[in-house]
Amino acid sequence: AAHAQDAKKVFFLLPNTTTIRFTSRDAPFFVAAMKEKAPNAQVIVQNGEGDPARQQRLVEDAITQGASVIVLAATDANLAAGSLKAAADAKVPVVLYDHDAVGGKAEAHVVFDSLSVGQAQGKRAAELINAMKKSPVKVARVKGNEGEYGTGQYEKGQNEFLQPLIDSGKVKVVCEQYTQNWDPALAQSFAEDCLTRNGGDVDVFLGMNDGTTGGSVAALISQGAKPGDKLVTGGQDATVEALRYVAQGWQDNSVLKDLKVEATYAADVVASILDGKGVPKDLINGKVNNKFMDVPAVFLPVKNITLDNLSDVVTAGVWTWPEICKGIEDTEVCKKNNK
Amino acid sequence: MANSAAASGDVKRRTFGEVLNSDMRALPVIIGLVALWVFFALQSNVFLTPQNLSNLLVQSTVVGIMAIGLMFVLLVKEIDLSVAAINGVTSVLMAKLVVDYGVSPWLAVTVAIVTGAAIGSFSARWVTFVGVPSFVVTLGLGLALNGLQLVLLPPTARYGLMGTGIDKIAETKISGITSWAALVIGLVAFAALVLSGIARRKRAGLEASLFSRFVLPLGAAAIFGAIVVTILNAHQGIPVVVLIFAILLGIGGYILKETRFGLYLYAVGNNDEAARRAGVKVARIKMAAFAIAGGIAALAGVLGASRALGVGVFSGGGVGGGTLLLESIAATVIGGVSLFGGRGSIHAALLGALVIGTVQNGLNLMGVENYVRLIVTGLLLVLAVSIDKLIEKAMGQQNF
Amino acid sequence: MANSAAASGDVKRRTFGEVLNSDMRALPVIIGLVALWVFFALQSNVFLTPQNLSNLLVQSTVVGIMAIGLMFVLLVKEIDLSVAAINGVTSVLMAKLVVDYGVSPWLAVTVAIVTGAAIGSFSARWVTFVGVPSFVVTLGLGLALNGLQLVLLPPTARYGLMGTGIDKIAETKISGITSWAALVIGLVAFAALVLSGIARRKRAGLEASLFSRFVLPLGAAAIFGAIVVTILNAHQGIPVVVLIFAILLGIGGYILKETRFGLYLYAVGNNDEAARRAGVKVARIKMAAFAIAGGIAALAGVLGASRALGVGVFSGGGVGGGTLLLESIAATVIGGVSLFGGRGSIHAALLGALVIGTVQNGLNLMGVENYVRLIVTGLLLVLAVSIDKLIEKAMGQQNF
Amino acid sequence: MVKAAATRGDVHAANQSTPLISMRNIRKSFGSVHALQGASVDVHAGEVVALVGDNGAGKSTLVKIMAGVFGFDSGEYSIEGQPAKIASPADATALGIQTVYQDLALCNNLDAVQNLFLGRELTGPAWFGRRIRRAECEVRAREVLTRMRLGQLSLTRPVGAMSGGQRQNIAIARSILWTPKVVIFDEPTAALSHSASEQVSALVRTLANDGLGIVVVSHDIHNFVVNATDRIEVMRLGANVASFKSSEVTGEQVVNAMVGGNEAVNLAG
Amino acid sequence: MVKAAATRGDVHAANQSTPLISMRNIRKSFGSVHALQGASVDVHAGEVVALVGDNGAGKSTLVKIMAGVFGFDSGEYSIEGQPAKIASPADATALGIQTVYQDLALCNNLDAVQNLFLGRELTGPAWFGRRIRRAECEVRAREVLTRMRLGQLSLTRPVGAMSGGQRQNIAIARSILWTPKVVIFDEPTAALSHSASEQVSALVRTLANDGLGIVVVSHDIHNFVVNATDRIEVMRLGANVASFKSSEVTGEQVVNAMVGGNEAVNLAG
Ligand SMILES: Nc1ncnc2c1ncn2[C@@H]1O[C@H](COP(=O)(O)OP(=O)(O)OP(=O)(O)O)[C@@H](O)[C@H]1O
Ligand SMILES: Nc1ncnc2c1ncn2[C@@H]1O[C@H](COP(=O)(O)OP(=O)(O)OP(=O)(O)O)[C@@H](O)[C@H]1O
Ligand SMILES: [Mg+2]
Ligand SMILES: [Mg+2]
């Protein structure tokens, strides 16, 4: 279709549809922020659907269409170098969004530090475990998709807190498994089988995102457990479902990454590049080595949401109380807040 | 007519191979399955616990139920790559009706199943009228349905089903006297069917050995059923999803073995031109097969949603059908259904799903590394089926 | 012998339908493809730019090349679900050799291709000796290879290929006089083949119309080739990967249409018992078909790795084969290869891959929402093939 | 071959009644192959019509059009004087036309009983899923097979595992299982043993005497065609070239007409 | 049927030489079906042996064992006095045994030329991928077909689109394309027109006169078997029940032996 010839095109390339936050939240936030910061730019959102080869085609097609900036949330950090090279060859600046992209040139990286997400998960888990009288505490680790950059960083962050406990004998990891494609159904089967394997003697399910923790919760329910019987921790993304579990006591926490903040910062960077001013120096607070260069990074803070600070989610405008409390109106926290 | 020796010897002098070929066609796959069980029992001492066997059964149901439906399509020499997408989109539709519109769970589930069947019959019409291979039609339709699924989902991308009533399906287990009553009802229905057939044969003056036709199969069913019920009761009872699976297997078996429609499926799959010349409405049979696959996929979607306590982008295996699609097809093929039509019986769905479920469950219990899990899964799948084939070969069976 | 009118009228009085049936069997799919192009050209003004058409071609090559290999397997009525896994594991192997062991790219690529072929022939042996359906063997083997791929990868889960020489494959484009020389060489080879055939016919005293057998096809090839080269030169030249694709198409076409092995593929696919009775070594033919599919999958893996400048867990589509597997099979089927063996020609790989590539590229250019994209992709795939079938039907063709 | 004992139907009388089947000037092409270029045939009740011709003359094609397997390009096809409304083999069966196809058209994975009853199973009520009344089917099948002296044939083995003749016998048995008006046999005795062939020719005569119209395609001119049929239609190149009363013709004359001897005048284009 | 003009080979003389093919006491079961229960047959050079029997007697099974399609359970199979090493049809072909199968065994998607040469194509050099010399094949095919008076048969249409007789003709042509030692015909004329059958019986005699050994399975006892063969082996229930010299027997006697008349004594269990 013939759009205004002079409108600069910004392509926001999402990694997949399975991590739903990208389509349902990041994209609208980014579009809205761009409308404000660079009203003349045209934002086109596309999705790699979990296929790195497909995302590379998207990058190439974006270049063909005369992209001014590409905002890339790589489908697979390890297979993004070809995309980065195509953009570099065509002199189209790339801003990395959230996901890493290894092996090529990028202008900036706007990211919730995956490592700090893992650290937040690990720290919370360690606190809870230390509070338990039992020793050793039996932990099942339901990890993310093997080989993904994020999975590696979350694990590293978690281990910073977990490893000492393991070494001291306070924690015994009884099951450990990657979850193909983060598929909650697989996480559920795995959690069920872990319970079986240990005769029900599992104290903690440590996930990596709300899909894997949700799978663990469903497993507990299917095995007839009650809220609070077992500790489910290590959520991430603060999905509404996970928050409901938190409210009900099935799950302890979920790391909130305020996507609006991330999208807004990304829009700032992009707008500045579009204006020909390059990456705004004041936003840069670190760097990420992607094996090609040190990419200037905009690291964003993360916050762990538990029952105690559930309202932070509402304050940040991520969800409203009615959204969270739908179907669980009779929980304490909802009775208190959802009027 | 020559070779009367052979012809009249049909009942009395059946070799082991012959027996295998007909009634007990399932035996080799069962041996493969038992081999897997022995392997995992040696590897993990919880494998044979009632709790685990109960889990294993439940974990195999969604794929098993999908496989029942797919069988109908494979029997007529077609394929349906959209079953996983149907599973996903109808479960989301069901959840939407329940959550957003407050429709009663019963009605919502019915709507989902009818929608699934309608989608299936739509693919069939395209296949039979336009002549596009079903592989292409259902591949395309599946993608379109994946898209539709995204449209149906709310901005939160998920409908939670806890407390909606749908969650009760996966939660409920029947135990104690009720569970035994269920078994008895099943056995009585089976016995009544078999006996009515035998009575008819007797009345018609045909041979009808009460032992081989009635006592043996009923006894086997009773013993097998009793074992399963005992094991399940030792955990928490018969999960409703397992009961549904069992009922579907029963109905499916009846349709395939006893009814005219079942016969037509085999006829069309073997030689659709011959079936057409004999007056079988081939297009209609295919349409029914696809509709059944679609409706059953929708039901499996409901059960899956109930188990996962919600629906989302992942329901139905995600874009392209993912593992769910592949496992459903694999289950039927492992169970002995031919991709080239006209061959396979209902136990394929059960056995195939159990083989897949066993390998996954067993490896989870062993707690092996991810790469080991992949390698072993692959090899065990092939080996389980190879045992089947090697036994068949040793028995010198001929297939048509 | 009766019906001489029909028999001797074979050459002179061919109806349009007949022509379609043989030499120009590709025409309906091409019409479907052109319809897609017109649609997208109307939707996006960059669709027909040389840059985009060049992209489209390159984007279609990996799937197209995989499809060439798969065709061989589908022709003999088997299926290979492990091609994507072979693609992945061999590309990782290749990268490991280059990066970790400093092996020369040429050698590493050769090793990858040979490994791919070896894996393929291993599946074939299992299929033909044990009698396990290829669906199961290759499904299991594919998973095992996915596991192996994880083992081969370093802890970082990635091998970067920039600066290793492998990256040159995807980077290099030949333009100007060289590109035209390539076209001329191709045309000369084609002409030589056709002419030698005609000369033989003349010598044997058989009918051999120079016009319909030589001038027409060569002219068409020359015009088509010239257009493609012009377009590609208007961007940056002929990408080497496209050239490789073209060469493989040429060789594949030669094998299928002209050689004994090609003929055996069709014979085995249609009636393997008849082929066996005629003395064809069916097991060996199947083994060769799987080996070719495996080797070509490995080559496609190398090209994919070169394009992505690295390999990782997701090389080869990830666990289960993902989109790559499905698109490769879909391309062959869309191009007209039958899943039931014995039917299809080489252009299927090109046209099928182009249909899929076009739909994706076109929708990317339109920048539609994700769910719209899925829905439209699904529908366009079905429609493109439906056009094909409807034309066939209108022409009253008969297939065997 | 022993000539059928029963007297033949009166050919002339039959010809004056409305024919059960009447095909006029049927044309049919497969792509460039013009299989039928104006073929005609009438079948009256109580009459056995032989359809003869060289290989590829179009006999099977004509038979398949009669049976509703193929449509035709032009011409007229009427049944009992009415234009035939036959769009599928099922329609033909419903009108009482049964066919034994040259390629038999059996389902190899089904057994004899299932093949015999295919499309016309005896079944239970719809609410019970139309359960097949296997016992009744078996009894009935056994009756028909016994009538054809095939009492020993296995009813439970898949027909794909049977010999060529056994399969052909099953195809023949299928056509007479119900009481049709017209039975079309396309080379019914090709794979049959001598004694089985005699059974079949006796059967053909019995059926005709029962008032059925019979069409037989056969290459056995000297025995079967000349002796056991009433009328002979000779086809060449997709059209009729001659028509004889069987009683007034010798095998040689028929063969000459088939291959284009002198007495066959109206050769098709 | 016109009796073949050529003189018959001397049966006695032939019987004293080493037989080309000798099968003794062959047994073969398919599951519970005992298709062969001790069948024997000898074939000498220059001799035409007829194999007759009721439908399902085991003729085709015996033929398929000869041709290497099936293995056998017990018994002896020797070729020119040596134990036959035949594990596949390819081995039999290599030893000069050609077979026309009852089910023809053609590939429907290939054309006549491709079917005729299947497994034995004339090809170019290996380094060039064994390109098929289509022109030579076509010329050669045309020759053979002309010899069988089938000059008009389309060489480029898939055989799946051909009539039953045309297909059978192609299967026969295939068996004589090369110069074999033994040709086995399993009901070669079943689908053939009268004149085409006569061609085939002439062909059979010509081949025998050229010194080949011929086995013919046929149900055409009265014409073909009695008149055009040298020796007749009668099978029943998977075993030989009688053996005749064709010149010393009438059709009735053969038929009686087939169905178990009095003169057939050694009935198989
Ligand atoms: N593949 C098979 N599996 C099982 N049984 C078979 C198979 N092939 C043949 N039979 C059985 O073996 C017996 C002999 O069959 P065969 O085909 O040899 O008979 P035949 O003498 O050639 O008969 P016809 O004259 O009808 O061709 C028959 O009872 C037949 O049903
Ligand atoms: N499906 C088809 N497609 C194309 N051509 C066909 C088809 N069926 C038959 N033909 C051709 O039509 C002509 C007539 O075939 P038909 O089968 O009617 O002959 P026929 O008289 O029955 O011969 P036969 O005695 O050999 O059985 C033949 O030339 C045949 O090759
Ligand atoms: Mg015919
Ligand atoms: Mg036979």
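Here is the naming used below: chain letters follow the sequence lines, and residue numbers restart at 1 for every chain. Keep in mind it's a predicted model, so treat the numbers as computed, not measured.
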Residue pair [X] / [Y]: nearest heavy atoms and the distance that separates them:
X: C:Pro133; Y: B:Lys389; answer: CD-CE, 4.2 Å
X: C:Gly140; Y: B:Val382; answer: CA-CG2, 3.8 Å
X: B:Ile375; Y: C:Gly147; answer: CG1-CA, 3.8 Å
X: C:Gly378; Y: B:Leu143; answer: CA-CB, 4.0 Å

Report task. Against chain C, label B:Leu141 side chain, backbone, both or neither, depending on which of its atoms sit under 4.5 Å from a heavy atom there. Result -> backbone

Report task. Count the heavy atoms belonging to other residues, nucleotides or ligands that lie under 6.0 Å from CZ of C:Phe39, then report whether that count exceeds 12. Result -> yes

Query raised in the report: Around atom CD of C:Glu273, are there more than 12 heavy atoms of other residues, nucleotides or ligands at under 6.0 Å?
Result: yes

Query raised in the report: Using a cut-off of under 4.5 Å for heavy-atom pairs, which of B:Leu381, B:Asn370, B:Leu81, B:Val132 has the most such pairs with chain C?
Result: B:Val132

Return all side-chain donor-acceptor pairs below 3.5 angstrom for residues 330-342 of chain C, not counting sequence neighbours, or 'none' if the list is empty.
{"unit_1": "C:Thr332", "atom_1": "OG1", "unit_2": "C:Ile329", "atom_2": "O", "d": "2.6"}
{"unit_1": "C:Ser338", "atom_1": "OG", "unit_2": "C:Phe340", "atom_2": "N", "d": "2.8"}

Query raised in the report: Quick one: CH2 on C:Trp126 to CG on B:Leu383, what's the gap to the nearest 0.5 Å?
Result: 5.0 Å

Report task. To the nearest 0.5 angstrom, please state how far the CZ atom of B:Phe135 sits from the CG atom of C:Leu326. Result -> 5.5 Å

Query - Closest-packed option against chain B by number of heavy-atom pairs under 4.5 Å, given C:Val372, C:Thr323, C:Leu150, C:Leu379 - result: C:Leu150

Query raised in the report: Among B:Val151, B:Leu148, B:Leu145, B:Asn146, which one satisfies side chain to side chain contact (heavy atoms under 4.5 Å, CB included) with C:Leu374?
Result: B:Asn146

